[in-house]
Amino acid sequence: MKNILFFLLLISTIPLGFSSCNDFLEKPPSTEITEDTIFSNVLNAKKMLYTLYSGIPYGLPKQQGSTLYPGWRSMLSATTDEGDGGPSWAVCHQYHMGALNASNVNGNADFNYSYCYKVIRYCWKFIERIVEVPDATNEEKKQFTAEAKMILAMQYYELMIRLGGVPYVDHAYTAVEDWSLSRLPLSELVNKIDALIDEAMIDLPEDRPGEEQGRMTQEFGYFLRARLKMAIARPLFNTGTPYLSMKNPADNQLICMGTEDRERYKQAADACKSAIMYLENRGHRLLQAEDVNGTGQDAYSMACKTMNHENPEMIYYTMKAKNISSKWDAWVAEYGPRVEGNGMLQPTENFKRKFQLNTGKAQTEENGYDPQKPYEGLDPRFYACYIYNGSLFGANYYSLVLGDNLNDARKYDPNKNSNWMVGRASTERCRTGYHLRKLVHEGVYMNPASPVTPIWPYMRLAELYLMYAEALNEYYQGPNDPGNECYSYLNKVRTRCGMPAVSNLTYEEMKEIIEYEWMAEFAFEGHRFFNMRQWKKAEVFAEPILSFNISRNPSNKYEFNYSTSKLEDRIFETKFYLYPFPLSEIDMNYGLIQNPGWE
């Protein structure tokens, strides 16, 4: 099929992984453009290549009707105990109610199965035809091919962690070709992904000049391989007995590796260490207080929303829009404080209670926690994640007192600040008692506003450190690896914000701390959705969600009363460990076998 107008139309609408995407793709394509036109010169071929980057996840809310993920206007963390999606129309509630199914998954999941395979097909089309471009050098052809192969590897990895084994397309199928495809066993899919990474790494450069930042490099490949090895080492896949059996037990190989083998943690540790050494040798490190002229908390906050050239911790990010100067812009309003937007992620009281005290102990009165001072003395990362009652955010303090108005907030402020914002004037505007701070750029909430570029932190170095510590603890059945690196890399992450280092732990104690560090360090970055599933602990998502309620003391309105109430019950069934394949794909009868529980 020569006319690929549909594909080219994606160019003007999709989020790309490099900050200069708008410079590359300024004009919409003409209706005269055909596949032959694209491969007639290197400029057009580059435009197609850049469009392939659309497949890299962008985790901030997207406008309804987005080409990448139609209808997805939630954040993945809103489907977990981390948060709530606020408005009743937010698609995260499909997860909460257990209403996601094979019939509606393509419109309500965080990915679109059909679109993913469109990207895969066009990657292969690009690989097959880039050799024909007359004015492209041999070096360009090799690099462009390598980029497309790395995007393929990433696309299959993202499908794998959501679905298990999937059909593997190895060329651009034509309309007249027999395209009956069955799912690959999980172990075979892993080998295919690994091979794609190997092939791509040969011709990818180590670095990109400023105008090419966001294009694939070897850094991406090292990181992706570490993720791949960790995913299959964890309990969900590293077993011969899956979470649910397929109708035909012989098909269980589609959703697990077939055996439980602790050596997979050794392979994961080796992949993580190789990636860490490569990245650190190239100058990557955790962002620190001195880098931002602030505190460790400030460094943590900036590590997930500052681009590569300003942030040695960021390995790869994706973006949708840049130089936003208004808090009313859709990309900020979607996930900013609900009083000035849609509040597509409101942190929960459940998740707040999981943060340790700054002493490293749990939030209990025996450990020094004061329920009448509920925001004091917590892990500094809590303050970087949550807007709570009395928080200063941007140019305003936020009152999250039920029924408060601006006059109350100003009148009863002991410091007599006039710049208050009422953030809980109605239940929907702040269902949980908190607003999201992390990932939201305060610049557009200042007066005057400063332009910001919201980005999604797809890969940052702290993730590799925690994967490495986890793999070592699991392989050696305790933090007693020969180089003592389990403690070293865990504590690099933990102490950055001022939390105390840990030592002398048992296997179970270290496992608990590692899981805590994943929770606190990567709060609201989309990791918990997958981590808890891969650890087979996602039943925690069925816990009733609590709302934190603040009211003024009737006899002294300078003081507050605190209480909790149940916001909603949630459902998590065992079948939710993997997504269903869309029913529309099953009904096409090309050999696709449904995941267990979704038949």
Side-chain angles (χ1 to χ4, degrees), residues 157 161 187 190 193-194 197 219-239 256-257 259-282 284-286 300 303 313 315 356 360 379 381 459-497 499-523 525 527-528 530-537:
Y157 166 80
I161 61 174
S187 60
V190 170
I193 297 171
D194 216 13
I197 295 172
E219 293 183 352
F220 193 100
Y222 275 102
F223 206 115
L224 183 61
R225 172 168 283 131
R227 277 184 173 172
L228 175 68
K229 299 297 185 182
M230 178 56 76
I232 61 169
R234 285 173 166 174
L236 180 63
F237 289 150
N238 190 4
T239 181
C256 71
M257 294 295 288
T259 61
E260 182 179 351
D261 186 354
R262 206 167 78 209
E263 282 298 315
R264 293 192 181 102
Y265 278 113
K266 178 65 165 61
Q267 294 167 10
D270 290 345
C272 289
K273 186 60 183 292
S274 293
I276 288 169
M277 292 178 64
Y278 180 81
L279 292 167
E280 288 184 341
N281 286 338
R282 289 192 42 72
H284 286 285
R285 57 181 174 78
L286 297 187
Y300 165 74
E313 184 170 339
I315 310 302
Q356 294 178 347
D379 183 328
R381 288 171 288 196
M459 292 175 172
R460 60 184 180 97
L461 188 61
E463 180 186 344
L464 274 175
Y465 288 177
L466 293 186
M467 285 196 293
Y468 187 43
E470 180 183 338
L472 290 173
N473 189 55
E474 294 296 333
Y475 180 68
Y476 290 100
Q477 291 294 283
N480 49 11
D481 57 285
N484 207 35
E485 291 186 317
C486 183
Y487 282 116
S488 175
Y489 283 95
L490 184 283
N491 283 327
K492 283 177 186 285
V493 176
R494 183 170 171 82
T495 60
R496 186 247 299 268
C497 285
M499 289 294 284
V502 296
S503 60
N504 301 318
L505 302 180
T506 66
Y507 162 71
E508 290 293 343
E509 289 169 339
M510 176 56 90
K511 185 173 185 172
E512 184 177 337
I513 286 293
I514 289 170
E515 291 179 8
Y516 173 79
E517 284 302 310
W518 273 111
M519 183 220 88
E521 181 68 22
F522 288 95
E525 293 184 46
H527 288 268
R528 190 166 175 81
F530 297 106
N531 285 347
M532 298 304 282
R533 283 169 165 78
Q534 291 172 7
W535 292 328
K536 295 183 74 173
K537 295 184 175 183

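For the numbers below, each heavy atom of this structure counts, side chains included, while hydrogens, waters and symmetry mates do not.
Between C486 and P479, the shortest heavy-atom distance links the atoms SG-CB, 3.9 Å. The minimum heavy-atom distance between D194 and L228, with the atom names listed, is N-CD2, 4.1 Å. Taking every heavy atom of both residues into account, E521 and A462 meet most closely at OE2-CB, 3.9 Å. Shown here for A233 and N238, the closest heavy-atom pair between the two residues is O-ND2, 2.9 Å. Across every non-hydrogen atom of H527 and R227, the tightest pair is CE1-NH2, 4.1 Å. Closest approach of V502 and Y487 over heavy atoms only: O-CD2, 3.4 Å.
Under the side chain to side chain contact (heavy atoms under 4.5 Å, CB included) test applied with E313, the options R285, M459, R460 reduce to a single match, R460. The only option from Y475, Y465, W535 that meets the side-chain hydrogen bond (donor to acceptor under 3.5 Å, both in side chains) definition with E470 turns out to be W535. Put simply, the residue from D481, D270, I276, L490 that forms a side chain to side chain contact (heavy atoms under 4.5 Å, CB included) with Y468 is I276.
For the atom pair Y489 OH and L464 CG, the distance stands at 10.0 Å (nearest 0.5 Å). In this structure, CD on E508 lies 8.5 Å from CD on E512, to the nearest 0.5 angstrom. Rounding to the nearest 0.5 Å gives a distance of 10.0 Å between CZ of F522 and CD of E517. Note: M510 CE to Q477 CD = 13.5 Å, rounded to the nearest 0.5 Å. One distance of note links CG of N473 with CD1 of I514; it measures 4.5 Å at 0.5 Å rounding. Interatomic distance, CD1 of I232 versus CD of Q534, reported as 11.0 Å (0.5 Å rounding).
Looking at R496 and K492, their side chains never come closer than 4.5 Å, going by heavy atoms from C-beta outward. Side-chain contact check for R262 versus Y476: every heavy-atom pair is 4.5 Å or farther apart. You'll find the side chain of R494 reaches within 4.5 Å of the side chain of Q356, heavy atoms only.
With hydrogens and angles disregarded, no donor-acceptor distance shorter than 3.5 Å links the side chain of S488 to the backbone of N484. Using a distance-only test at 3.5 Å, with no hydrogens or angles considered, a donor-acceptor pair links the side chain of N281 to the main chain of M277.
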inquiry  = Could you go through L279 and Y222, starting from their C-alpha distance and side-chain angles, then the distance that decides it, and tell me whether this counts as side-chain contact (heavy atoms from CB on, under 4.5 Å)?
reply    = CA-CA 9 Å; L279 292 167; Y222 275 102; 5.5 Å; no
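In terms of the side chain to side chain donor-acceptor pair (under 3.5 Å) criterion, residue partners of H284 (sequence neighbours excluded) are, by chain and number, E219. For A520, the side chain to side chain contact (heavy atoms under 4.5 Å, CB included) criterion is met by F355, D379, R381, Y516, not counting sequence neighbours.
Using a 4.0 Å cut-off between charged nitrogen and carboxylate oxygen, E474 and R264 do not count as a salt-bridge pair.
Geometrically, R234 does not engage F530 in a cation-pi contact, judged by NZ or CZ lying under 6.0 Å from the ring centre and within 45° of the ring axis.
More than 12 non-hydrogen atoms from other residues, nucleotides or ligands lie less than 6.0 angstrom from CD of E509.
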